[in-house]
Amino acid sequence: MVALVDCNSFYASCEAVFRPDLKGKPIVVLSNNDGCVIAANKEAKAMTHIPMYEPIFKIKNQLLTNGVNFFSSNYTLYGEMSQRVINILKTFSPKVEVYSIDESFLDLSTVPRDELEAHGHKIKDTILQYTGLPVGVGIARTKVLAKVANRMAKKLPDLQHVCVVDSEQSEEELLKWCTIDDVWGIGKQHAKRLKSINVHDAHDFTRLPLAWVRKEMTVVGERLWRELNGEKAIEMVMEPKKKKGIGTAKSFGKKLTDLGLIEEACAFYITEVAEVLRAQGTCASQLTIFLTTNYHSDYDKQYANRITLKLEVPTNSTFILIKEANKALRKIFKLGYRYKKVGVDVTGIVPENEVQGNLFRPNLNSLSVLSKTVDKLNAKFGKAKVRSSTLGKRMKQWELIKEERSPRYTTQWNELLTVGKCKPKA
DNA sequence: TCTGGGGTCCTAGGACCC
DNA sequence: TCTGGGGTCCTAGGACCC
């Protein structure tokens, strides 16, 4: 049997942990740049219909009149809380697959059948006690079934957030309960298609001929079909895979027209990406830069372009990557537009120790020593304390807007929660 | 005025190899 | 008349996930 453990309204719940004064009150968390709503706790969902991913300016008044509390995204906090949950999960199963920041699969094949439910409750209660975060647990024969069971655990109050599906009969009930758009792996397009041929719930889907599913939904659909029919088709993945591409692209706090500022932002993102490359001991052989105006805007002239270049020798040096990025950026930058976003992506990722130099460009070890030293200094003294001069000092002119960010309670000494004073200010 | 960011996997088709 | 067969690698586009 497999369990899926999922934190409820994860980001909103993380904020609530450190603000006991907000217990029982509606909370929403906003995307980068405070652009739209990406998480809402059950109180916020209950009091008013909050469309997820709606731009906040359209619904701000509605939320304010309902007394909803806003937070900007605080990924430092969420990442660290996530790690705490994972550490606890690892005490409940030797095989844990971390699927996302707030979801993990657990292999429960060693737990006796009649103890599954108690085990599920133990997991839930322990996480709540140790971290303050509420979770739901779904347990079933396959990952996809566990995912559906988890959904049911959340939706049916009687289940107390733990749903075990361990008989043919309960599996059939589960499948009939789950509408087709709620199946993991079936998105908008497939759901529309399936409904048009009268497939409305997961049970209908399992009754389709496999050949049809394979033909129309590729091998991905086939795996889903098998898993929903109780056959294991998606393995647990314990080791986090090395990334195939690393990218970062963030909207500017305000529109930019000046190449210099865009270069700064770009260099900043390169710095982040290169740090990830070095942290996992890899180099990139290709670099993509893209630039775009605000495609939502009706007044602005629109322009978007991207360029990919091969690096002569794969590298993870911030300095080389910035130099190349600037060359690339100059090729696609055009004067006269109000730019919204610049992004960088590195691909063709190879292990650092397999990089081959060539006759004219030997592998530049000295630069990698320099980069690693910079990493160490920044780890100690703070992000971007030592940096390429390209980054300049004008961050304020392009950096993300995060007006409502909560303190980084768990990672910064000067932002620790003060007991007895429940409203710390960042 | 204001609309997120970071990923994965699969397939088809083209270019190329022996 | 009749023009092979078995591969790899790369890219773009589609669909999906949190």
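Source: prediction; values computed, not measured.
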Side chain of [X], heavy atoms from C-beta onward: which of [options] has the nearest atom to it?
{"X": "A:Q189", "options": "C:dA15, C:dC18, C:dT11", "value": "C:dA15"}
{"X": "A:Y99", "options": "C:dT11, B:dG6, C:dC18", "value": "C:dC18"}
{"X": "A:I38", "options": "C:dC18, C:dT11, B:dG4", "value": "B:dG4"}
{"X": "A:W184", "options": "C:dC18, C:dA15, B:dT3", "value": "C:dC18"}
{"X": "A:V219", "options": "B:dT11, B:dT3, B:dG6", "value": "B:dT11"}
{"X": "A:H190", "options": "B:dT11, C:dC16, C:dC18", "value": "C:dC16"}

Expressed in angstrom and rounded to an integer, what is the separation of [X] atom [atom1] from [N] atom [atom2]?
{"X": "A:D34", "N": "B:dG5", "atom1": "CG", "atom2": "C1'", "answer": "14 Å"}
{"X": "A:I401", "N": "B:dT3", "atom1": "CD1", "atom2": "C1'", "answer": "12 Å"}
{"X": "A:N74", "N": "B:dG5", "atom1": "CG", "atom2": "P", "answer": "17 Å"}
{"X": "A:N32", "N": "B:dG7", "atom1": "CG", "atom2": "P", "answer": "13 Å"}
{"X": "A:I59", "N": "B:dG4", "atom1": "CD1", "atom2": "P", "answer": "13 Å"}
{"X": "A:N33", "N": "B:dG5", "atom1": "CG", "atom2": "P", "answer": "6 Å"}
{"X": "A:K147", "N": "C:dC18", "atom1": "NZ", "atom2": "C1'", "answer": "8 Å"}
{"X": "A:R223", "N": "C:dC16", "atom1": "CZ", "atom2": "P", "answer": "15 Å"}

inquiry  = Would A:K402 pass as a cation-pi partner of A:F71, given that its NZ or CZ must be under 6.0 Å from the six-membered ring centre and within 45 degrees of the axis?
reply    = no
query = In this structure, which one of A:I27, A:V28, A:N41 forms a side chain to side chain contact (heavy atoms under 4.5 Å, CB included) with A:V68?
reply = A:V28
Answer with base, sugar-phosphate or nothing: what part of the nucleic acid does [X] contact at a heavy-atom distance below 4.0 Å?
{"X": "A:I246", "result": "sugar-phosphate"}
{"X": "A:F10", "result": "nothing"}
{"X": "A:R214", "result": "sugar-phosphate"}
{"X": "A:E54", "result": "nothing"}
{"X": "A:I186", "result": "sugar-phosphate"}
{"X": "A:K188", "result": "sugar-phosphate"}
{"X": "A:V37", "result": "nothing"}

For [N], take OP1 and OP2 only and decide whether either is under 4.0 Å from a side-chain N or O of [X].
{"X": "A:T218", "N": "B:dC9", "answer": "no"}
{"X": "A:T248", "N": "B:dG6", "answer": "yes"}
{"X": "A:Y299", "N": "B:dT1", "answer": "yes"}
{"X": "A:R193", "N": "C:dG14", "answer": "no"}
{"X": "A:K60", "N": "B:dT1", "answer": "no"}
{"X": "A:H296", "N": "B:dC2", "answer": "no"}
{"X": "A:K341", "N": "B:dT3", "answer": "no"}
{"X": "A:N294", "N": "B:dT3", "answer": "yes"}
{"X": "A:K255", "N": "B:dT1", "answer": "no"}

request  = Answer with yes or no whether the side chains of A:Q302 and A:T293 bring together a donor and an acceptor at under 3.5 Å.
outcome  = yes
request  = Could you tell me whether the side chains of A:E15 and A:Y78 share a donor-acceptor contact shorter than 3.5 Å?
outcome  = yes
task = Would you check, one step at a time, whether the test side-chain hydrogen bond (donor to acceptor under 3.5 Å, both in side chains) holds for A:S297 with A:N294?
result = CA-CA 6 Å; A:S297 167; A:N294 178 13; 4.9 Å; no
ask   = Given the P atoms of C:dC18 and B:dT3, what is the spacing between them in whole Å?
value = 25 Å
query = Between A:Y11 and A:V220, which has a closest nucleotide on DNA chain B that is more 5'?
reply = A:Y11
request  = Nearest-nucleotide wise, let me know which of A:D345 and A:G35 is further upstream toward the 5' end of DNA chain B.
outcome  = A:G35
key: NZ/NE/NH1/NH2 to OD/OE distance under 4.0 Å, A:R278 and A:E352   = no
query = Has A:Y75 got more than 12 heavy atoms of other residues, nucleotides or ligands less than 6.0 Å from its OH?
reply = yes
note = For B:dG14, the nucleotide meeting Watson-Crick or G-U wobble distances (both under 3.5 Å) is C:dC9
